[in-house]
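So the structure is just underneath, and the comments pick up after that.
Within every chain, numbering begins at 1; the chains are lettered A, B, ... in the order of the sequence lines, protein sequences first and strands thereafter. These values consider heavy atoms only, across backbone and side chains, with no hydrogens, waters or symmetry-generated copies.
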Amino acid sequence: MGILLYPGLVLNCALITLAYGWFLAPKLDRRDPLAKSLGMVAVALFLMGIMKDRWDTSKPRNLHFPSRTFTVADTVVSTTQILALAFALVVVVGVNLFLQRTSIGTAMRAIANNRETSALLGVPVRRIEAMAWFGAGILCGCVFLLLPSFVKSLDQGTLTWFVIPALGGAIVGRFRSLWITFFASIVIGVIESFLTPFSGALQFLSDFRRVTPVVISVLAILWISRRRTVVLAGREMS
Amino acid sequence: MGAIVKHKAFEPGAIAVIVVFALFVAPSIFGAFWITNLTQMAVFSVVAASAGMLYGRVGLVSLGQVAPYGIGCWVTMRLAYATSLPFPVLLLIGGIVAAVIGMLIGLPALRVSGLYLALVTLMLAAALETVLGVLKFPNGGSGFSGVVTSLSDLAPMRRPGFAETDPAYFRFTVIVALLLFLLAYVFLAGKPGRAWASIRQSEPSAIAAGIAITQYKLIAFALAAFMAGVAGGLFAGSVQQSIGIDQFSRQAALFLIAVVLMGGVHTLWGALLAGFFSKVMLDLLTSYMVGGQFWNNFSLSLFGFGLMMNLIQSTKAMEKKGLLG
Amino acid sequence: MKVEVNDIRVQFGGVMPLDGVTVTFPGGTCGLIGPNGAGKTTFFNVLSGYVTPVNGSVRCDGVELLTMPDYKRARWGVRRTFQTEQAIEGLSVFDNVLTVYEHTAKGSRAEKKKAVDEALEFCGLLGVRDQLVRTLPAKERRFIEMARAVVGSPKVVLLDEPAAGLPDEETNELSVIIRSIPERSDATVILVDHDMALVQACCEWSAVLDFGRLLASGPTGDVLRDPKVLSAYLGEDEL
Ligand SMILES: Nc1ncnc2c1ncn2[C@@H]1O[C@H](COP(=O)(O)OP(=O)(O)OP(=O)(O)O)[C@@H](O)[C@H]1O
Ligand SMILES: [Mg+2]
């Protein structure tokens with residue numbers, strides 16, 4: 001324990017995604033994105049079952065990242081908050097650079113673009129995909145070192161909820177632009193916290209604040225799909 | 001018209017046997033515990049059928065079918081406390097409200113497809129979960145939400161006068177479920193069913209056939225939401241009080257799609273199987289198998305495993321048919 | 001019925017699959033030919049409404065087609081077959097054709113049945129009327145698409161390589177059917193195919209596309225002898 005706790009947690013998370021990416025994901029690799037994401041739903045259900053058995057809900061759990069607070073212009077800020085923002089920025093810049101500049105990153109983009117062709121051109125598809133899973137696991141692991149500091153207690157309900165705002169950001173970014181995803185997520189978070197203090201007649205704003213990511217992503221979808229497209233033989237017509 | 005009728009799923013003989021068993025044999029051989037279980041299995045199979053119909057027949061993957069289920073449940077309960085309308089009318093209103101909201105939800109969802117549709121419907125289900133979580137399920141109080149302020153007002157939700165007891169309510173549930181399946185069948189065997197088959201296979205070719213795609217997708221969403229909404233009302237009558245949000249949460253949404261896929265989306269049996277998996281199987285395991293509580297706790301893991309197996313199986317089947325690359 | 005196409009321009013990013021096509025199809029069965037990638041399918045997609053051109057108009061019978069919503073064009077009378085055949089696998093042959101009829105025409109149950117059976121007979125499909133399409137071979141599926149395109153009263157029938165992959169004998173059967181569409185329902189047929197024998201057998205009049213431009217149009221025999229057309233098909237060197 002002790003000093004190895006944090007890297008251990010991150011590695012644990014990455015090993016789970018790597019195991020999925022290496023053993024299970026290839027079995028679905030020729031299916032559409034929807035079937036692939038249902039594969040992840042399967043994993044989520046599997047892990048949730050284990051959580052339900054292992055985590056006694058009567059004992060609240062938490063994991064606080066060491067943190068200090070200070071006051072800037074009447075607002076209390078914690079180092080963890082600053083760290084989280086900085087981490088997000090570093091990830092966006094870092095991942096973008098990685099995808100643009102490194103050969104593995106280029107291979108990932110090629111696979112995302114056209115898997116079959118990449119395989120034909122000699123890209124080691126399976127290995128690169130496993131790396132992507134591993135990387136995603138590392139990022140997730142890091143996020144979940146910071147995130148618990150912002151919630152009261154860790155339980156299934158709280159944890160699975162994070163999927164919703166995360167998807168909100170990703171949908172606005174159309175699973176393509178990390179920068180748009182970043183800004184959308186920030187906007188979602190800021191709106192939610194602005195809605196929190198309402199009370200009295202406007203109490204409902206506070207009550208329903210968690211709907212924010214849904215509203216934002218629905219608006220984004222309406223905007224993105226304002227012109228209908230027809231897909232003909234795999235090609236999008238506009 | 002021929003194709004669907006000839007489909008094994010609708011063999012009238014087998015259906016008749018099941019119905020006779022459910023209506024006349026089951027209530028006399030099972031005790032209260034299993035009757036309640038079977039009632040909920042019937043309810044859940046309607047929800048599963050609605051989700052399966054959207055996926056298997058129209059090609060729309062909705063992860064949000066728990067939303068109309070929850071809306072139907074809420075509306076039926078609220079009206080049951082507030083009015084003296086007959087129970088079947090309450091179910092109908094619950095279904096219609098769910099259908100209308102389902103269509104409103106469907107509107108943004110219809111402009112996207114595949115993965116985006118699944119994600120948007122999941123998010124909308126989460127939004128509804130938040131709303132229902134704030135409103136809470138009615139339990140006999142007054143006001144819009146009907147939640148009691150003092151415990152003395154607490155009252156169980158009423159059932160139809162002719163189906164007060166558990167076995168009678170079970171029979172009632174089976175009959176309503178049967179009517180809903182029949183309704184779906186009428187749609188599937190008619191003009192909408194043919195239009196859906198076209199849309200599912202190829203939207204361009206559906207357009208070339210003059211099919212108004214948006215309109216027919218909306219009809220599908222409305223029908224599915226209606227079925228789930230009525231099922232929600234039936235569920236309210238089966239539990240009668242202290243309904244929690246768990247039944248309609250995003251976790252329930254993921255669970256639903258898992259059992260629907262495991263059961264199979266193309267047939268009525270699939271829906272029944274999904275109902276069995278989710279309501280009866282676990283209790284069978286906890287009651288009669290070694291391990292007891294273990295099964296209950298790990299149920300989600302079991303279904304996760306089942307979903308994965310199902311996906312791998314269907315991939316193999318598609319490869320065999322040469323549908324994949 | 002004439003189909004007047006005026007200055008159609010389509011752009012996909014940097015590609016211009018149709019670059020100012022102006023042509024009038026005089027009616028009857030017309031051919032539309034051109035090398036691979038000439039823009040023939042794209043032209044059909046413009047008529048069906050899957051592709052919105054940046055410019056141009058298509059008028060038939062005094063009606064502007066391009067401003068109509070896509071599915072309403074089918075109701076008005078535009079029908080088509082697809083380069084990769086699209087018969088609905090989950091439905092019976094009868095239901096396949098019925099689906100098109102019930103969305104493009106009104107009528108009683110008996111009228112529907114009569115119209116669909118007529119179309120099936122026209123395409124020689126009565127023998128497999130109640131079979132599931134999934135169980136049928138490629139040949140039948142091509143003919144089902146044909147029946148879907150002619151059922152009821154189409155005004156413009158677009159056939160995108162209907163004979164692709166069919167052996168000679170069946171191509172001949174198909175050519176008989178194609179030739180008799182105009183008299184059956186007074187529709188204008190536009191036939192795209194790489195099989196010149198089929199085009200010659202079916203069409204008195206033809207237009208040629210190359211790189212998104214109209215290369216020639218006129219009586220099929222003249223068009224096929226046109227040196228410009230020859231060089232488009234054979235490559236520049238041959239001239
Ligand atoms: N959706 C699209 N996006 C980008 N380019 C396209 C799209 N559809 C067609 N094209 C391009 O437009 C050009 C014309 O294609 P089209 O399919 O119309 O040719 P065609 O004449 O039907 O050829 P073929 O005889 O091979 O069927 C081609 O270069 C093709 O690559
Ligand atoms: Mg073509």
Check: So which of B:Val61, B:Asp246, B:Leu302, B:Val131 has the biggest tally of heavy-atom pairs under 4.5 Å with chain A?
Finding: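 Of B:Val61, B:Asp246, B:Leu302, B:Val131, B:Val131 has the most heavy-atom pairs under 4.5 Å with chain A.
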Quick check on [X] against chain B: is it the side chain, the backbone, both or neither that has a heavy atom closer than 4.5 Å?
X: A:Thr160; result: both
X: A:Arg54; result: neither
X: A:Ile221; result: side chain

Item checked: Worked check of side-chain contact (heavy atoms from CB on, under 4.5 Å) between B:Met308 and A:Phe46 -> CA-CA 10 Å; B:Met308 195 68 216; A:Phe46 190 80; over 6 Å; no
So which part of [X] gets closer than 4.5 Å to some heavy atom of chain A, the side chain, the backbone, both or neither?
X: B:Leu261; result: side chain
X: B:Val112; result: side chain
X: B:Leu107; result: neither

Note to self: Under the criterion ring pair (Phe, Tyr, Trp, His ring centres under 6.0 Å), I'd like the reasoning laid out for A:Phe175 against B:Tyr116: C-alpha separation, chi angles, the key distance, then a yes or no.
What the structure shows: CA-CA 10 Å; A:Phe175 298 95; B:Tyr116 274 93; 5.7 Å; yes
Give the minimum heavy-atom separation between [X] and [Y], together with the two atoms involved.
X: A:Ile164; Y: B:Arg250; answer: CG1-CD, 4.4 Å
X: A:Leu45; Y: B:Gly304; answer: CB-CA, 3.7 Å
X: B:Ser301; Y: A:Gly49; answer: OG-CA, 3.2 Å
X: B:Ala118; Y: A:Leu34; answer: CB-CD1, 3.4 Å

Flag the one option from [options] with the top tally of heavy-atom pairs under 4.5 Å to chain B.
options: A:Leu219, A:Val43, A:Leu24; result: A:Leu24
options: A:Leu28, A:Leu47, A:Val218; result: A:Leu28
options: A:Asp207, A:Val163, A:Val215; result: A:Asp207

Calculate, to the nearest 0.5 Å, the distance between atoms [atom1] and [atom2] belonging to [X] and [Y] respectively.
X: A:Leu38; Y: B:Leu63; atom1: CG; atom2: CG; value: 6.5 Å
X: B:Leu119; Y: A:Ile171; atom1: CG; atom2: CD1; value: 5.0 Å
X: B:Ser299; Y: A:Lys52; atom1: OG; atom2: NZ; value: 4.5 Å

Next item on the list: May I ask you to check whether B:Thr315 and A:Arg30 show a side-chain donor-acceptor distance below 3.5 Å?
Entry: no
Check: For atom CZ of B:Phe305, is the number of surrounding heavy atoms from other residues, nucleotides or ligands below 6.0 Å larger than 12?
Finding: no
Next item on the list: Answer yes or no: does atom CZ of A:Arg109 have more than 12 heavy-atom neighbours from other residues, nucleotides or ligands under 6.0 Å?
Entry: yes
Next item on the list: Please lay out, stage by stage, how B:Leu115 and A:Lys36 fare under the test side-chain contact (heavy atoms from CB on, under 4.5 Å).
Entry: CA-CA 9 Å; B:Leu115 183 58; A:Lys36 287 179 184 160; over 6 Å; no
Next item on the list: Decide yes or no for A:Arg31 and B:Ser314: does some side-chain heavy atom of the first lie under 4.5 Å from some side-chain heavy atom of the second?
Entry: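 The answer is yes; the side chains approach within 4.5 Å.
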Notebook entry, point to check: Is there a side-chain contact between B:Val120 and A:Ser217 (heavy atoms, below 4.5 Å)?
Noted result: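 SC-SC contact between B:Val120 and A:Ser217 ruled out.
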Notebook entry, point to check: Do side-chain atoms of B:Thr130 reach the backbone of A:Val211 as a donor and acceptor pair under 3.5 angstrom?
Noted result: no
